[in-house]
Amino acid sequence: MIFKPSSPAAYRLLMEGSAAFADIEEAGIRVDMRHVDRTMRGAGEKIKQIEASLRRDEVYKIWRRVYGEKASLGSGEQLARVIFGNLGVECKERTATGKPKTDAEALEGIDLPFVRKWSMLEKLKKVRNTFLRGTQRLAVRRGDDWFIHPSFNLHLVWTYRSSSSEPNFQNQPVRDKRQAKLIRRAYIPRDGHVLVETDFSSMEFRGCASFWKDSAMVAYASDPKLDIHRDMAGECFLLPVDNVSKDCRAFAKNQFVFPELYGSYYVSMAAGLWTSISRAGLKTKDGVGIYEHLRTKGIRTAKEFEGHIKRVEQKFNERFAHWSRAKDRWWQKYLERGWFPLATGFVCPGIFSYNNLMNTPIQGPSFHCLLWSVIQVNAWLKKNKMRSKIVGQIHDSILADVYEPELQDYLNYVREVMTVKVREHWDWIITPLDVEVDVSDRSWFDKSPWKEENGLWVSA
DNA sequence: CACTGGAGCCAC
DNA sequence: AAACGTGGCTCCAGTG
């Protein structure tokens, strides 16, 4: 094993980052315990109801016959034996160890009320047992208020990203609105404060463009009129860009663009896209179903779609021709040396997969832009003896509990750091950077976009 | 009883 | 070269 030291700057980033994270942990996030208790009780009642109705079902009678006293409603393995074994439902997918798959996607196609109810139950249990109960258990009292103090770690992730624990504040539900509402309403600003979240826009794609220095990628990441995810949605679904719906764009982003950049290939991506078209009920902006639309373009089967995505991938490689060649040189260089460097001064020695080599130099340094920003903003808040505090961090966003009289100053400064100062600090970032700003005087769930207008920040 | 790994699912 | 990456938490099932 060859060991190469990381740079002093990289060490300093982690040291100062850890100190800033310690301040964040000490500050903590205010919790509305009444909301948590109430929501816990509500979810608990609902869970009891669903469990009772499952136990009355004929399917559960079979379950009991098979498992007797060992019957456990929470066991996917037991469910699988009952529906695939006893009821003769066809098992289409298996896990790595050969057991029948019982995740939400595998169960979705099974048209049994019992199975649908079971899936619903599992989802609700996740909300209650992981998120609500975690927050309830870990909250501590200070005066009349409750706070959680999540840990933010810099020493656990080998790509030099961060992680969070006790509770993990970086995986609180947001995409599923119903779940998000149940959980995020629990996180509230201190009295006289508002919660402020500032996110880097498209940080990872910009980190990607900066790392590969592909001129077409840099153009996409720099020109606000260009949008790679929208354009690739157009190509994947054979739509003119003005008929690309929000959903289509999101699927192109998460099931084509990022997978492609991180080492997936057309067979996996076509399969994922094809099933998600029906799962998500994907439509064009005009409201036409994507399957129907593709049929008019001569694509009727999964196999035909795969052939199409193969051509889209070829075009993607031509569009970003420099990237397409540079990634193999990057991989070869690693094979020769046994280590690879990050733009932020870290060195990664050891045994890595090809996909690690594609992902780490982007994910790590992209996070470091956020980390550096956290350090600056935290130092500024302390130096000026402000009452506002950073209370959390989620890879490319900062959550702060801002004293209302300090709100304008805070927003001006945080934007300056995240868009200007970080680029002065690191010249490897060769695209512009933007932030999206959200504010709430009520809860983390209720945040809404803000913008700057004639020097004043206002609700957008 | 403590511990471990698999499976599943939440985030970026 | 292999088939998108990084985490944390909970429950189940098995082990000693």
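All chains are named by letter (A, B, ...) in the order of the sequence lines, taking the proteins before the strands, and each is independently numbered beginning at 1.
Remark: side-chain polar atoms of S366(A) are not paired, donor with acceptor, to backbone N or O of Q363(A) under 3.5 angstrom.
Taking the six-membered ring for Trp and thresholds of 30 and 60 degrees, H425(A) and W372(A) have nearly parallel ring planes, at less than 30 degrees apart. Note on ring orientation: taking the six-membered ring where Trp is involved, the planes of H368(A) and Y160(A) are tilted (angle from 30° to 60°). Between F316(A) and F320(A), the ring-plane angle classifies as perpendicular under the 30° and 60° cut-offs.
Under the 3.5 Å distance criterion, with hydrogens and angles disregarded, a donor-acceptor pair is assigned to the side chains of Y187(A) and T135(A). With hydrogens and angles left out, the side-chain atoms of Y334(A) and R329(A) include no donor and acceptor closer than 3.5 Å.
Closest to the side chain of F131(A), out of dC10(B), dC9(C), dC12(B), is dC10(B). Side chain of N171(A), nearest nucleotide from dG5(C), dA3(C), dA11(B): dA11(B). Checked against dG7(C), dA3(C), dT10(C), the side chain of N355(A) finds its nearest nucleotide in dA3(C). Out of dC10(B), dT6(C), dG8(C), the shortest distance to the side chain of Q363(A) is found at dT6(C). Distance from the side chain of S72(A) is smallest for dC12(C) among the nucleotides dC12(C), dT10(C), dG8(C). For N356(A), whose side chain is taken as the heavy atoms from C-beta onward, the closest listed nucleotide among dT6(C), dC4(C), dA11(B) is dT6(C). Residue R133(A) places its side chain closer to dC11(C) than to any other of dG7(C), dC11(C), dC9(C). Among the nucleotides dA3(C), dA13(C), dG7(C), the one closest to the side chain of S75(A) is dA13(C). For Y354(A), the side-chain atoms get nearest to dA1(C) when compared with the rest of dC10(B), dC4(C), dA1(C).
A heavy atom lying under 4.0 Å from DNA chain C marks none of the residues of residues 93-116 of chain A. Residues from residues 147-158 of chain A lying near DNA chain C, meaning a heavy-atom separation below 4.0 Å, are L156(A), V157(A), W158(A) in numerical order.
In terms of polar N and O atoms assigned as donor or acceptor, the side chain of Q170(A) never comes within less than 3.5 Å of the base of dG7(C) in a complementary pairing. Taking 3.5 Å as the limit, the base of dC10(B) and the side chain of R175(A) contain no donor-acceptor pair of atoms between them. Taking 3.5 Å as the limit, the base of dC9(B) and the side chain of K126(A) contain a donor-acceptor pair of atoms between them.
Here S164(A) lies in heavy-atom contact (under 4.0 Å) with sugar-phosphate atoms only. In this structure, Q255(A) reaches neither bases nor backbone, as no heavy-atom distance under 4.0 Å exists between it and the strands shown. The residue R128(A) sits apart from the nucleic acid: no heavy atom pair falls under 4.0 Å. Residue contacts shown for Q78(A) are limited to sugar-phosphate atoms, with no base heavy atom under 4.0 Å away. V174(A) comes within contact range of the sugar-phosphate backbone alone, with a heavy-atom separation under 4.0 Å but no base atom that close. G76(A) comes within contact range of no nucleotide atom at all, as no heavy-atom separation falls under 4.0 Å.
Comparing D328(A) and K125(A) along DNA chain C, the residue whose closest nucleotide (by nearest heavy atom) sits nearer the 5' end is D328(A). Closest-nucleotide positions on DNA chain C for K70(A) and M269(A) were compared, and the one nearer the 5' end corresponds to M269(A).
Checked for salt-bridge contact, D434(A) and R206(A) meet the test: a charged N lies under 4.0 Å from a carboxylate O. A salt bridge between K303(A) and E306(A) is present, with a side-chain N of the basic residue lying under 4.0 Å from a carboxylate O of the acidic one.
Rounded to a whole Å, the CG atom of L357(A) is 12 Å from the P atom of dT6(C). Straight-line distance from the CD1 atom of I183(A) to the P atom of dA11(B): 10 Å, rounded to whole Å. One atom, CG of D176(A), and another, C1' of dC12(B), lie 17 Å apart when rounded to the nearest Å. What separates OH of Y334(A) from P of dA2(C) is a distance of 12 Å, to the nearest Å. Between the CD atom of E122(A) and the C1' atom of dC10(B) there is a distance of 14 Å, given to the nearest Å. dC12(B) atom P lies 8 Å from atom NE2 of H395(A), rounded to whole Å. Distance CG (N359(A)) to C1' (dA2(C)): 15 Å, rounded to an integer number of Å. Residue E204(A) contributes atom CD, which lies 12 Å from atom C1' of dA11(B) at whole-angstrom precision.
At dC10(B), none of the side-chain N or O atoms of Q172(A) fall inside 4.0 Å of OP1 or OP2 (strictly under the cut-off). Dashed line: the shortest gap from a side-chain N or O of R137(A) to OP1 or OP2 of dT10(C) is under 4.0 Å. In this structure, S268(A) reaches the dC4(C) phosphate: one of its side-chain N or O atoms is under 4.0 Å from OP1 or OP2. Not one side-chain nitrogen or oxygen of K123(A) sits closer than 4.0 Å to the OP1 or OP2 atom of dG8(B). Using a 4.0 Å cut-off, some side-chain N or O of S264(A) falls inside it from OP1 or OP2 of dC4(C). For dG8(C), one of the phosphate oxygens OP1 or OP2 lies less than 4.0 angstrom from a side-chain nitrogen or oxygen of S163(A).
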Next on the checklist: The test is salt bridge (Lys or Arg N to Asp or Glu O under 4.0 Å); show your working for D103(A) and K101(A) and say whether it passes.
Outcome noted: CA-CA 6 Å; D103(A) 64 11; K101(A) 249 183 179 260; 3.1 Å; yes
Next on the checklist: Is there a side chain to side chain contact (heavy atoms under 4.5 Å, CB included) between V414(A) and V435(A)? Walk through the geometry before answering.
Outcome noted: CA-CA 9 Å; V414(A) 78; V435(A) 284; over 6 Å; no
Next on the checklist: Applying ring-ring contact (aromatic ring centres under 6.0 Å, His included) to H308(A) and Y266(A), what does each step give before you reach the verdict?
Outcome noted: CA-CA 9 Å; H308(A) 165 62; Y266(A) 71 94; over 10 Å; no
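Among W323(A), Y354(A), F211(A), F352(A), the one residue that satisfies the ring-ring contact (aromatic ring centres under 6.0 Å, His included) test with W330(A) is F211(A).
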